[in-house]
Amino acid sequence: MQALPTMTTPPPLLVRNATLPDGRQGQSLLAEAGRITAVAAALQAPPGAVEIDAQGWLLSPPFVDAHFHMDSTLSHGLPRVNASGTLLEGIRLWGELKPLLTEEAIAERALQYCDWAVARGLLAIRSHVDVCDERLLAVRALLEVKRRVAPYLELQLVAFPQDGLLRSPGALANLKRALDLGVEVVGGIPHFERSMEEGARSVQLLCELAAERGLRVDMHCDESDDPLSRHIETLAFHTQRLGLQGRVTGSHLTSMHSMDNYYVSKLLPLIAEAGVHAVANPLINITLQGRHDSYPKRRGMTRVPELMAAGVNVGFGHDCVLDPWYPLGSACMLEVAAMGLHVAQMTSLAGQRACFDAVTLNNARILGLQGYGLAVGCRADMVLLQARSPEEALRLRAQRLCVVRGGAVVSRMAPAVARLSMPGRPDSVDFSRGFHTTAPPGAAQAPSLE
Ligand SMILES: [Zn+2]
């Protein structure tokens with residue numbers, strides 16, 4: 001086991017001339033001892049401060065991923081690729097790969113992914129970790145990765161019974177062992193159990209286990225095109241019954257796409273009442289769902305704008321990068337949000353802002369992050385984007401010019417600028433329109449979570 005990397009207290013940091021997500025321009029932000037201590041139009045740098053001229057670019061709280069699989073990431077092609085592109089072949093393929101895995105190889109791939117994440121301004125990730133393995137190899141590997149990346153990235157782990165809590169022998173005992181080792185969230189996969197009844201029983205068992213231990217819950221729930229897959233109703237019921245409001249997440253919820261509208265009109269208020277968070281995984285849902293359809297093909301993503309309108313907190317997850325389920329991806333939460341925006345047709349200004357929030361503020365709520373945001377007193381975690389507004393960041397998948405964690409710069413990236421050789425035209429160009437809109441009425445001011 002290697003020593004934990006140490007972080008000394010960084011010098012004060014002053015970011016000047018930034019645009020904030022709420023549209024305020026020319027803002028300075030001061031960070032001292034890892035916290036934001038001032039945000040104002042003009043601030044003086046204290047002696048010895050590191051200074052960054054933001055040149056009017058967008059300064060945002062960091063990206064947060066509410067749904068990922070760090071134990072399978074970067075394993076694409078091992079031992080073969082997913083030929084059908086379906087969820088079920090992906091699960092079979094992962095089963096073939098599991099006996100070949102080593103703790104070292106899982107950790108090495110996860111650490112490489114965390115480097116990508118930090119460079120992309122993604123500083124908090126909730127990752128599911130498969131517990132259907134007597135050796136708990138992936139659990140041990142990711143607990144070590146969590147310890148090693150802690151200075152620059154918050155990794156939250158979910159005990160995930162990939163092969164079914166009741167369907168896979170020993171899964172419940174292994175899940176409890178994983179929690180004993182320090183995994184902090186209870187996972188599940190009710191739609192993969194042998195019957196609807198077993199699925200409902202798994203939801204009840206897991207919610208009761210979480211209530212007993214004071215833990216959060218995040219279940220893969222109804223990741224199916226079957227409109228009768230209704231485990232989200234059971235999840236909302238037990239959340240409400242056990243007083244777990246605000247601590248439970250239903251991930252995927254893709255069956256809602258195919259459900260009867262009348263039933264959904266009853267379901268949405270139940271999810272909202274129970275304070276269950278919803279996570280859509282746009283890149284994965286649009287590629288895995290609808291695979292049994294001819295034409296027209298269902299999109300499969302859950303009803304994002306309708307959930308939001310019902311008062312449910314909705315986040316977007318990346319879910320997979322280069323693994324048995326998805327052969328693409330690069331830790332870019334702007335790509336995730338842009339796909340969500342397209343699939344849900346959230347092209348209005350308010351819709352675009354909501355998609356930006358879904359990979360920042362909403363995901364921070366799902367993880368229960370403390371001190372997230374750009375207000376005084378928040379952790380000094382932020383990303384400077386080469387864009388003038390959140391919607392421009394989405395349009396351009398903007399460069400992460402600078403990433404700050406705990407008041408220290410942890411990554412820098414050169415601006416994307418093309419050098420032109422076209423007589424009569426400028427000699428360089430970026431893709432910013434130099435134009436941005438103001439925040440829509442009711443948009444959050446200086447988003448923060450305490
Ligand atoms: Zn997943």
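We use all heavy atoms of the structure for the numbers below, so side chains are in, but hydrogens, waters and symmetry mates are not. Remember, it's 1-based here, ligands and their atoms both numbered in the order they're listed.
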Quiz item: Does the pair Leu209 and Leu179 meet the rule for a side-chain contact (heavy atoms from CB on, under 4.5 Å), with working shown?
Solution: CA-CA 10 Å; Leu209 180 64; Leu179 298 177; 3.9 Å; yes
Quiz item: side chain to side chain contact (heavy atoms under 4.5 Å, CB included) with Cys221: which of Val248, Val279, Leu253, Thr302?
Solution: Leu253
Quiz item: Centre of Tyr295's six-membered ring, under 6.0 Å away, within 45 degrees of the axis: is that where NZ or CZ of Lys297 sits?
Solution: yes
Quiz item: Do other residues, nucleotides or ligands put more than 12 heavy atoms under 6.0 Å from His76 NE2?
Solution: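 For His76, atom NE2 is crowded (more than 12 foreign heavy atoms under 6.0 Å).
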Practice problem: Please report the number of protein N, O or S atoms that lie less than 2.8 Å from the Zn ion (ligand 1). | Solution: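 That number is 4, waters not included.
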Quiz prompt | Aromatic centroids of His67 and His128 separated by under 6.0 Å | solution = yes
Quiz item: Atom CE in Met219, atom OG1 in Thr239: separation rounded to 0.5 Å?
Solution: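 So the CE of Met219 and the OG1 of Thr239 are separated by 7.5 Å.
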